[in-house]
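Every value quoted in this text rests on a predicted model; they were computed, and no experiment measured them. Only heavy atoms go into these numbers, but all of them, side chains included; no hydrogens, no water, no symmetry mates.
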Amino acid sequence: MKKATSLSELGFDANGASSGFFRPVSDGMDSTPTSHHRRRLTKVSVIGAGNVGMAIAQTILTRDLADEIALVDALPDKLRGEMLDLQHAAAFLPRTRLVSDTDMSVTRGSDLAIVTAGARQIPGETRLNLLQRNVALFRKIVPALAEHSPDAILLIVSNPVDVLTYVAWKLSGFPVSRVIGSGTNLDSSRFRFLLAEHLDVNAQDVNAYMVGEHGDSSVAVWSTLSVAGMPVLKSLQESHSSFEEEALEGIRRAVVDSAYEVIGLKGYTSWAIGYSVANLVSSLLRDQRRIHPVSVLAAGFHGIPDDHEVFLSLPARLGRAGVLGVADMELTDEETRRLRRSAKTLWENTQLLGL
């Protein structure tokens, strides 16, 4: 029997199939009934159907953030299997059209394109070591995305995310407001989780940012740490002698190493980044104007030279047009020094690309 996704592929005539069940509703006008009421549908494309890409697609699907999801991957059998697996859950999910192909043309007309494709980070490998293996792939992916969806927002998740966001910006020709890296949005969630566990509060009530590189040189912004709007670092230091400088660095290190720990235990990360990216998708496509620490062009911020086209994470206001603004945070001298050092590391890596 022919393998098929739909009844039409099995030979059933799909034309007007619903006409025997539903009577058209006329609005008294000569035009096709209800045709002028059709709303614009929202399309999201996910490039890369690996563990991260599918966790993102599944979370977007269950949160009803898109009317159509397009999946792209180089492995046709795996890709079709992933699409079918999700389609078979249609009775339990919001109505979302799912399409897939190895050809980038399936992404045509996307409002948002999420790039997760790339070599998988292996245990013990830093994110920056992935660079050369992934830039060549982006040379194939990004120009095609830009061609098929010239008005889309590009959201880069592949690692090293800050440098690859720069690569995507250069290769796409898009305005900087429409090229975003997932950055330290997840790092900040890990940071908030550790603090919430210690303080015995909900992580959603903890306001704490990791900024800079999504990686080893990231910066924990302790100076703005608050719970329910109340600054807590000074109180913690006064009531807990263990909260000295060395301990704070240990917590930052634990946040950075948490991804490596997960990779070492299960071979990859997936669920947390899936929720993190869906969180960004919601802010972007629903125009929520929420603040997220994501990778943006940081030239001119916190003493980073204006001519250094370096992407790193800073708190940014996100909406339907992409990045609507970047917060100029008040940092301590030490936090500023660390951020500039993080920027210098990323700048040096971008200079190796010759873009």
*Quick one: do Val323 and Leu318 satisfy side chain to side chain contact (heavy atoms under 4.5 Å, CB included)? Show the steps, please.*
CA-CA 5 Å; Val323 177; Leu318 302 184; 4.0 Å; yes
*Can you find a pair of side-chain heavy atoms, one from Met54 and one from Leu86, that are under 4.5 Å apart?*
yes
Output yes when a side-chain donor or acceptor of [X] lies under 3.5 Å from a complementary backbone atom of [Y], and no otherwise.
| X | Y | answer |
| --- | --- | --- |
| Arg340 | His302 | yes |
| Asp287 | Arg320 | yes |
| His214 | Gly183 | yes |
| Ser295 | Gly181 | no |
| Thr62 | Thr59 | yes |
| Gln87 | Leu98 | yes |
| Thr116 | Ile47 | yes |
| Asp67 | Leu41 | no |
| Thr42 | Ala66 | no |

*Give the C-alpha distance, both sets of side-chain angles, the deciding distance and a yes or no for side chain to side chain contact (heavy atoms under 4.5 Å, CB included) between Val179 and Ser172.*
CA-CA 9 Å; Val179 183; Ser172 67; 4.0 Å; yes
What's the shortest heavy-atom distance between [X] and [Y], and which atoms?
| X | Y | value |
| --- | --- | --- |
| Thr102 | Leu79 | N-CD2, 3.9 Å |
| Ala316 | Val294 | CB-CG2, 3.9 Å |
| Leu186 | Ser276 | N-OG, 3.6 Å |
| Ser218 | Val256 | OG-CG2, 3.3 Å |
| Arg139 | Leu353 | NH2-O, 4.0 Å |
| Leu65 | Leu285 | O-CD1, 3.8 Å |

Between [X] and [Y], do the side chains contain an N or O donor and an N or O acceptor separated by less than 3.5 Å?
| X | Y | answer |
| --- | --- | --- |
| Thr107 | Ser45 | no |
| Gln288 | Ser282 | yes |
| Ser158 | Asn134 | no |

*asked:* Using a 6.0 Å distance limit plus a 45 degree cone around the ring axis, check whether Arg178 lies over the aromatic ring of Phe174.
replied: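 Judged by the rule, Arg178 and Phe174 form a cation-pi pair.
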*Show your working on side chain to side chain contact (heavy atoms under 4.5 Å, CB included) between Glu309 and Thr350 and close with a plain yes or no.*
CA-CA 9 Å; Glu309 294 178 334; Thr350 61; over 6 Å; no
*asked:* Taking salt bridge (charged side-chain N to carboxylate O under 4.0 Å, His left out) as the definition, give me every residue that meets it alongside Arg63, ordered by chain and number, with sequence neighbours left out.
replied: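 Partners of Arg63 by the salt bridge (charged side-chain N to carboxylate O under 4.0 Å, His left out) criterion come out as none, since no residue qualifies.
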Using the rule that two of Ile, Leu, Val, Met, Phe, Trp, Tyr join whenever any of their side-chain heavy atoms come within less than 4.5 Å, decide whether [X] and [Y] are in one cluster.
| X | Y | answer |
| --- | --- | --- |
| Ile56 | Leu93 | yes |
| Leu284 | Tyr275 | no |
| Leu225 | Val201 | yes |

Using a strict cut-off of less than 4.0 Å between a Lys/Arg side-chain nitrogen and an Asp/Glu carboxylate oxygen, indicate whether [X] and [Y] qualify as a salt bridge.
| X | Y | result |
| --- | --- | --- |
| Asp64 | Arg95 | no |
| Arg192 | Asp187 | no |
| Glu334 | Arg337 | yes |

*Single hit among Leu339, Thr184, Asn185 for side chain to side chain contact (heavy atoms under 4.5 Å, CB included) with Ser313*: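 Exactly one candidate clears the test, Thr184.
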*Among Leu155, Ile156, Leu164, find the one that has a side chain to side chain contact (heavy atoms under 4.5 Å, CB included) with Val115.*
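Of the listed residues Leu155, Ile156, Leu164, the side chain to side chain contact (heavy atoms under 4.5 Å, CB included) partner of Val115 is Ile156.
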*Heavy-atom count around Arg97 CZ within 6.0 Å, excluding the residue itself: above 12?*
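Open.
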*Kindly determine whether Glu335 and Ser223 satisfy side-chain hydrogen bond (donor to acceptor under 3.5 Å, both in side chains), including the steps that lead there.*
CA-CA 8 Å; Glu335 289 166 348; Ser223 61; 2.7 Å; yes
*Take His292 and Ser283, measure what side-chain hydrogen bond (donor to acceptor under 3.5 Å, both in side chains) needs, and give me the verdict at the end.*
CA-CA 9 Å; His292 297 271; Ser283 290; 2.7 Å; yes
*By ring pair (Phe, Tyr, Trp, His ring centres under 6.0 Å) - contacts of Tyr166 (at least two apart)*: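 Not a single residue meets the ring pair (Phe, Tyr, Trp, His ring centres under 6.0 Å) criterion with Tyr166.
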*Phe311/Trp169 aromatic ring centres below 6.0 Å*: yes
*asked:* Quick test of your reading: applying ring pair (Phe, Tyr, Trp, His ring centres under 6.0 Å), list the pairs with at least one residue in residues 320-355, sequence neighbours left out, ordered by first then second residue.
replied: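 Listed by first then second residue: His308-Trp347.
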*Might you work through the side chain to side chain contact (heavy atoms under 4.5 Å, CB included) test for Val106 and Val72, ending with a clear yes or no?*
CA-CA 8 Å; Val106 75; Val72 180; 3.5 Å; yes
